[in-house]
Every structure is written in structure tokens, then in C-alpha cells.
There are 2 protein chains.
Amino acid sequence: MLYRPFENRLNLELGKHDLYRAQWSILYYLFNNGSATHVEISNYLSVEKPTVTRTITRLEQQGYVEHIPGKDRREKRMQLTELGKAKYLEVRVTVDQYEEEILKGISVEEQQEVIRIMNDIRKNILK
Amino acid sequence: MLYRPFENRLNLELGKHDLYRAQWSILYYLFNNGSATHVEISNYLSVEKPTVTRTITRLEQQGYVEHIPGKDRREKRMQLTELGKAKYLEVRVTVDQYEEEILKGISVEEQQEVIRIMNDIRKNILK
DNA sequence: AGTAATAGTTAGCGAGAATAACTATTTAAG
DNA sequence: CTTAAATAGTTATTCTCGCTAACTATTACT
């Protein structure tokens, strides 16, 4: 009931910056995590590895992410480039405005409550 | 954060019945509404008309929906067939189990609270 | 009567995600 | 210490779901 309108508007906002949701969610994760492997991203987003590979490839072509040596020669640990960080912060402004707009009239307590409950549900699903 | 795991699991459950989310959401709407035109479904799901046409066509081929005369010769008013109603009830059992499972430990008050707030957000987005 | 608007369809495109089958590397077991 | 199993990632292919643009058919408005 909420997802489609939310997705539609978010894609509209992100489109202004030549980004899609899948790309944005990885920028977001890397910015807040410093770095991550494909598998970590895969688990975080609940998508399969090939999906991650494709999106990461695009982000690499755009110059937003780069890979750094991991503890293995198998794993590919990724992090944001300087350009990627700048991009994140730039888009963040737009996304913040969007969030503020759609949360108008919802108190901070209510927001926290919803996040807490959604997290509980998430745990139930992934269990 | 919640959508992908939810979608994955739901599709898994629906897959047991040879259905996809898009189809299920229309079955759901028609069952609870008696009948609807393409435009009504389009608005309800926040999806464009061609998308509705395609999904409805599939449901028609599967024998779950049929069209009845509307107030126009333009509009195509759809309703569930007997088979469609039976299918809905059959799948409903699976979906109920799924919902119960993922809502374990969430009180009814909390559920209502979340629904209320999500509805408020939805209104903000569509405004 | 002639133009607007509304309902739906067709054609074509693209995002996003999945599975299956593969390579490369690392870990564990006999 | 070598071989089998597990892990990380890629490639190829397929599917759903959704979009826009351009169309037909019908109805409403001026």
C-alpha cells in the first residue's frame, strides 16, 4: 500500500541525479559502512549476488566506487571514491527533503515506533 | 529495509500456487471490492494502465477473472470468476499463515499504529 | 458538429532480480 | 599434504514488473 507510491516518487527524485534506487541503496550502505564485499551487500539488500555484481559494475563505471584489497583474494571489498562520497552527500540533500515532506505530521516518536516494529518484522521474516 | 525480504518470502509462498505478487494484489482487490475497472485497479496499485492490462490478461487466461458490462462501452469492469474466488480463498490460507508468522510478537495495537502511520505517509506522498 | 477527455490496448524499452553453470580461491578432512 | 567442500564472484539467460509513446474507441463538453 505504501511501497509503490514511495518508489515512484523516490525514483523521480533520484532521477534528477541520474541514479536509480538499486544504485542509491548501495551508495547509502557504503557511505554508512565504510566498505563492504559483494556478499555483505547481497545480505543487506536481500538480493542475489549477480544482481549486486551488475549494480556495482555500473557504479564503478560512473566512478562512484572502487575496490580495495580484502582479507582474501576471492572477496572484492568495495568502498566509495571521493566522487562517490560527494555524490552521496549531494543526493542526500534531495532525499532529506523528500523524507521531510512525506513525514510531515508524523512525530519523531511515531517514526521511531514504526522503524522499531518494521525491524522486528524483518527479523521474523529472515529467521 | 523491509520490502525486499517481504517480497522474496511472499513470492515464495505465492509461487506454490503459481501466482505472482502483481496477480495476487489484483485478486485481493477484486475479492474485497466485488468488481473494478482497469483505471480503478491502476489507481489502487499506483501502477500505469498498460501494466494492469497485462496482468489482467494473464488472470483472464488462467480463468480467474472475467469482464462484465460496465456503465460505459469504454470501461471494462472486471470481477472474479468462481474459480478465481476459490483460488483466492485457497491462497488466502497460505498468506494468512505467512502474515501470522512475520507478525509474531507484534501486538494488534502496534499493527494498527503502523498501518495508520503508513497511511498518513501515503497521503503525504500522493498529495 | 467538433473538440476534450476518458478507458483501454499495443509496441517497445529498461530496471531489477532470479537461476544455473561456471572460475578462482580458501578451508577442512582423510 | 592432497583432495573434497565451501565461499566469493562472474557470465549467460530468463522472467516479472513497470514505464512511455502512440494508438483506437467511446463518451462528455462547448
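Predicted, not measured: the structure shown is a model, and the values here were computed from it. By convention in this document, chain letters (A, B, ...) are assigned in the order of the sequence lines, proteins followed by strands, and residues within each chain are numbered from 1.
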Query raised in the report: Can you check whether B/Y98 and B/F6 have ring centres sitting under 6.0 Å from each other?
Result: yes
Report summary line: B/K71 NZ to D/dT26 P, in whole Å, measures 15 Å
Query raised in the report: With no hydrogens and no angle check, do the side chains of B/S35 and B/R77 hold a donor and an acceptor under 3.5 Å apart?
Result: yes
Query raised in the report: Where does C/dA4 land, syn or anti, once you apply the within-90°-of-0 test for syn?
Result: syn
**Report entry** Counter-base of C/dT27, judged by Watson-Crick or G-U geometry with both distances under 3.5 Å
**Finding:** D/dA4
**Report entry** Near-ring test B/Y29/B/Y88, centroid separation under 6.0 angstrom
**Finding:** no
Query - Closest-nucleotide 5' rank along DNA chain D - winner of B/A22 and A/T37 - result: A/T37
Report task. Would you check if the side chain of B/T53 reaches a backbone N or O of B/K49 as a donor-acceptor pair within less than 3.5 Å? Result -> yes
Query raised in the report: Do you know which two heavy atoms are closest between B/R21 and B/N11, and how far apart they sit?
Result: N-OD1, 3.5 Å
Query raised in the report: Does A/T55 place a side-chain N or O at less than 4.0 Å from the phosphate oxygens OP1/OP2 of C/dG16?
Result: no
**Report entry** Nucleotide forming a Watson-Crick or wobble pair with D/dT27, both distances under 3.5 Å
**Finding:** none
**Report entry** Nucleotide D/dT16, atom C1' - distance to CG of B/L19 in whole Å
**Finding:** 13 Å
**Report entry** Value in whole Å for how far the C1' atom of C/dG16 lies from CD of A/Q23
**Finding:** 11 Å
Query raised in the report: Using a cut-off of less than 4.0 Å, is there contact between a side-chain N or O of B/N11 and OP1 or OP2 of C/dA17?
Result: no
Report task. Please report, rounded to the nearest Å, how far the C1' atom of D/dT16 is from the CD atom of B/E48. Result -> 17 Å
Query raised in the report: In whole angstrom, what separates B/I56's CD1 from D/dG18's P?
Result: 13 Å
Report summary line: Whole-Å distance, B/R21 CZ to D/dG18 C1', equals 10 Å
Report summary line: For B/T81 and B/V65 the tightest heavy-atom approach is CG2-C, 3.7 Å
Query raised in the report: Regarding A/Q23 and A/Q62, is there a side-chain donor-to-acceptor distance under 3.5 Å anywhere?
Result: yes
Query - Phosphate-side-chain proximity, A/R4 and D/dC19, N/O vs OP1/OP2 below 4.0 Å - result: yes
Requested in this report: Measure from CD1 on B/I68 to C1' on C/dA7 and round the result to the nearest Å.
Outcome: 16 Å
Report task. Map A/T51 and A/R74 onto DNA chain C by nearest heavy atom, then report which one ends up closer to the 5' terminus. Result -> A/T51
**Report entry** Salt-bridge criterion met for B/E100 and B/K104 (N-O under 4.0 Å)
**Finding:** no
Query raised in the report: How would you label the contact of B/R58 with the nucleic acid (heavy atoms, under 4.0 Å): base, sugar-phosphate, or nothing?
Result: sugar-phosphate
Query raised in the report: Among the nucleotides D/dT16, C/dA15, D/dC19, which one has an atom lying closest to any side-chain atom of B/Y20?
Result: D/dT16
Query raised in the report: Is there a donor on the side chain of B/R73 or the base of D/dT26 sitting less than 3.5 Å from an acceptor on the other?
Result: no
Report task. In whole angstrom, give the distance that lies between atom CD of B/E75 and atom P of D/dT26. Result -> 14 Å
Distances for protein N or O near nucleotides 10-14 of chain D N or O, under 3.5 Å:
residue : atom : partner : partner atom : Å
D/dT10  : OP1  : A/K76   : NZ           : 2.8
D/dT10  : OP2  : A/H38   : ND1          : 2.9
D/dT10  : OP2  : A/T53   : OG1          : 2.7

